[in-house]
Protein chains: 4
Amino acid sequence: MRKEEVAMESQPAGAGPVDHRTLPRRRGETLYAAIFEATLAELADVGYARLTMERVAARARTSKASLYKRWPGRADLVLAALRHRRGAPSPTPDTGGLRGDVLALLRDGAAQLNGLMGEVIRGLMAEGLRESTPIATVRTSMFDSRNRRMSEVLDRAVKRGEIPAHAVTPQHIALAPALVDHHFLFYGAPIPDHVLTEIVDAVLLPLLTRPA
Amino acid sequence: MRKEEVAMESQPAGAGPVDHRTLPRRRGETLYAAIFEATLAELADVGYARLTMERVAARARTSKASLYKRWPGRADLVLAALRHRRGAPSPTPDTGGLRGDVLALLRDGAAQLNGLMGEVIRGLMAEGLRESTPIATVRTSMFDSRNRRMSEVLDRAVKRGEIPAHAVTPQHIALAPALVDHHFLFYGAPIPDHVLTEIVDAVLLPLLTRPA
Amino acid sequence: MRKEEVAMESQPAGAGPVDHRTLPRRRGETLYAAIFEATLAELADVGYARLTMERVAARARTSKASLYKRWPGRADLVLAALRHRRGAPSPTPDTGGLRGDVLALLRDGAAQLNGLMGEVIRGLMAEGLRESTPIATVRTSMFDSRNRRMSEVLDRAVKRGEIPAHAVTPQHIALAPALVDHHFLFYGAPIPDHVLTEIVDAVLLPLLTRPA
Amino acid sequence: MRKEEVAMESQPAGAGPVDHRTLPRRRGETLYAAIFEATLAELADVGYARLTMERVAARARTSKASLYKRWPGRADLVLAALRHRRGAPSPTPDTGGLRGDVLALLRDGAAQLNGLMGEVIRGLMAEGLRESTPIATVRTSMFDSRNRRMSEVLDRAVKRGEIPAHAVTPQHIALAPALVDHHFLFYGAPIPDHVLTEIVDAVLLPLLTRPA
DNA sequence: CTCTAAACGAGACGGTACGTCCAGTCTTCGG
DNA sequence: CCGAAGACTGGACGTACCGTCTCGTTTAGAG
């Protein structure tokens, strides 16, 4: 690649990748969509660890400044992109039995971890954890959502008489998803299904169904 | 005391670039020690995420080439430094009762996570997880060690008749430390002690002591 | 005087890394000027052979990236700096006689070789000579310029009747400067004046004035 | 490539590419020959500019220390290698006529410049030119040799009456080879034959044969 | 024929510079 | 005047050599 031979003279030429003086300039939602698309594509291509603002900007045919104007850093951008992509939340499963319900929930969670969300969660672990960081945000929303659904499943099981009411404690609600997270973080994706069934059969159900 | 070791101490820390043509040059163990010391110091000062080979080299008064000759990257260097620092492993606790033993084990693990090891584990999460990466290495050695100690504790409890023999399964052995890891990764250090007692009292002990 | 220029001067030379977030950032011509100045200063201080992009960047208080963005390598940067420095070309001498004119031309050329240009020419010799390399560029412009002036001088001598018209051939035009170059390259700077007079009196004039 | 996993322990292993403890170790002339061969090979492969002591040592299967023990630097090593390779000097040509003799001499010189010698000369230009540097050495020996031969050729021409005795001056003796050098340095190898004939016919012969 | 001193090979070591990539900040200029 | 584009500074990356040095081994030559 030849650089500018007469560098100083070539200034007005400016053959950048996109000449925004002729093309219509994107603003608002159009630009957001392009950025999110680029972010998710990069995420899928190279993963969170090697995703850079530079490459996202280039891929979205925009500038780094436009990214930094909207999000303070990589983590926030990526989370925004994921949030944007996310459609309606899966409904709480209702298979008629506790085991089926819990397994369905875990499989749903595992599916997320196996995808882009897992990639991001893993990456976020490395980025500090001080007050109100992106990881704290994602943690809260993730935990809230799955705890709510798990509560619902357990409450139904209580109503059906499968488990005693006193078995539904915060620790028990959070237990199984935490073990799935742990497996993902230390053994990576994809999470084999037998890991999920073992969590349910060897840990969660025995704990919930034991007598007082 | 060999002459290289004398040389190391005689460097007044802020003495500009050392003239290695006159001073004895450090080799072998002396050099390793200097590098490890610098690595751990950087780790403590700026954390894993902002630790760079450049700064470690400067701090150890050596060159990047000398680092790359020994370790292919940041993760391997840091793990080697940690391994080097680690003295004798803590003995398996024996408090006379299952609850005390398990709590002692978890507190020991939590103390590690609250220190440099936790800093590194968090950082390693982001660096891929393919075959035989640093994280895989650290995972194996960490899990092996604590599973062995937990097995020992549980076996003693079986012998004392506190829990039935069939309660000692791989899932149960790994359960409590995994929950500690999970809390550390998502809520950060330091891990409050009540988290550990809740894991023991609300999850592990009920599971181990329930009838068949 | 523009504000960037004020800023440049106001840096007390040893003030550590500039905080470019507060100071006005240099662009365009101001930056080019700073880079060229630094390049020429390095050239004068350590010579072409030991001039490095690293030191030029540091001296110009800019970054290597800013240099590589403009020039592909050391040679191009240095030539650009020389080109930038070069003011108006010296006028073709007119002393009233052929010998005086030619000597003036050679002295002008020798003065250039004795300065930075000579330093660079010598350095460029080593950097390959394939198609359209920096040395080819500088060769062309240098030869063009001096051949033009020498032609003018000889043409005037023909008009004055000092030499026959058929004596003005490309070989004769290029001859004397080539011998000056040769002396410079093999014997170094400064070129003694008697070398120039000998070239004129023992080679060039006899050749031009001989009968057909 | 995997680095040493347990770096500190692996020290005694040292399975280098060649185990010189079994192979016979070279000394004296054998070693010199191997070094020269490697030097010339590198010179031919990558040229003087990219020839490094490191690569020469590796190619000769010796160590850098063995090189530096013999020559202070790259230039000296290369010149020694060239000197070693040079067989008997070509005899002074005797074609029976001045023009043929001079052309033969120039062609001989051009052939050298077109080969490794030219590569080296070009490279040496960049390496300073202070007192008694390699370039000064090579200049002296090169110039001495060709001036001697040129003198012989011209003397014979005087004896044959082709040129007057007073035409044989130091300036005229050195003239033609200098122009060949100049062409080589600025236009590179190979030197077209017509350049040589033009030097002879348009410059040297007219100068030598003109009346007083 | 020993024994010692030198030469040798291998590579470690502290440095410097390479050319590239990216983070964030700041300026320019089109709409 | 706003905001998109991208120029700019700083700094780390991982690599290649430099020239010096240490470490054992091998070999020549002195006794």
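Because the structure is a prediction, the values reported are computed rather than measured. Per chain, numbering begins at 1; letters A, B, ... match sequence-line order.
When the P atom of dG11(F) is taken as reference, atom CZ of R74(B) falls 18 Å away, rounded to whole Å. Distance CE (M53(C)) to P (dA17(E)): 13 Å, rounded to an integer number of Å. For Y68(C) and dC22(E), the OH to P distance is 18 Å, given to the nearest whole Å. dC22(E) atom P lies 6 Å from atom CZ of R55(A), rounded to whole Å. Residue W71(A) contributes atom CH2, which lies 15 Å from atom P of dG24(E) at whole-angstrom precision. One interatomic measurement links the two molecules: CZ of R50(D) to P of dA16(F), which rounds to 13 Å at whole-angstrom precision. In this structure, L67(D) places its CG atom 15 Å from P of dA7(E), rounding to the nearest Å. Protein atom CD of E29(C) is 17 Å distant from nucleotide atom P of dT27(E), rounded to whole Å.
Dense packing is recorded around CZ of R70(D), with more than 12 heavy atoms of other residues, nucleotides or ligands lying under 6.0 Å away.
Between T62(A) and dA4(F) there is no side-chain polar atom (N or O) within less than 4.0 angstrom of OP1 or OP2. For S63(C) and dG10(F), the shortest distance from a side-chain N or O to OP1 or OP2 is not below 4.0 Å. Proximity of R70(D) to the phosphate of dC8(E): a side-chain N or O atom is located under 4.0 Å from OP1 or OP2.
A cation-pi arrangement is present between R74(A) and Y48(A) under the rule of less than 6.0 angstrom and at most 45 degrees off the ring axis.
For A65(D), the side-chain atoms get nearest to dA10(E) when compared with the rest of dA10(E), dC18(F), dC8(E). Distance from the side chain of E54(B) is smallest for dA12(F) among the nucleotides dA12(F), dG19(E), dA5(F). Residue S66(D) places its side chain closer to dG9(E) than to any other of dG3(F), dG9(E), dT20(F).
Using cut-offs of 30° and 60° for the angle between ring planes, the Y32(B) and W71(B) rings count as perpendicular.
The existence of a salt bridge linking D45(C) and R59(C) is confirmed by a sub-4.0 Å separation between a basic side-chain nitrogen and an acidic carboxylate oxygen.
At a cut-off of 3.5 angstrom, the base of dA5(F) holds no donor-acceptor pair with the side chain of K64(A).
For T52(A) and A60(B), each mapped to the nucleotide of DNA chain E holding its nearest heavy atom, the one lying further toward the 5' end belongs to A60(B).
The two residues E54(D) and K64(D) have their closest heavy-atom pair at OE1-NZ, 3.5 Å.
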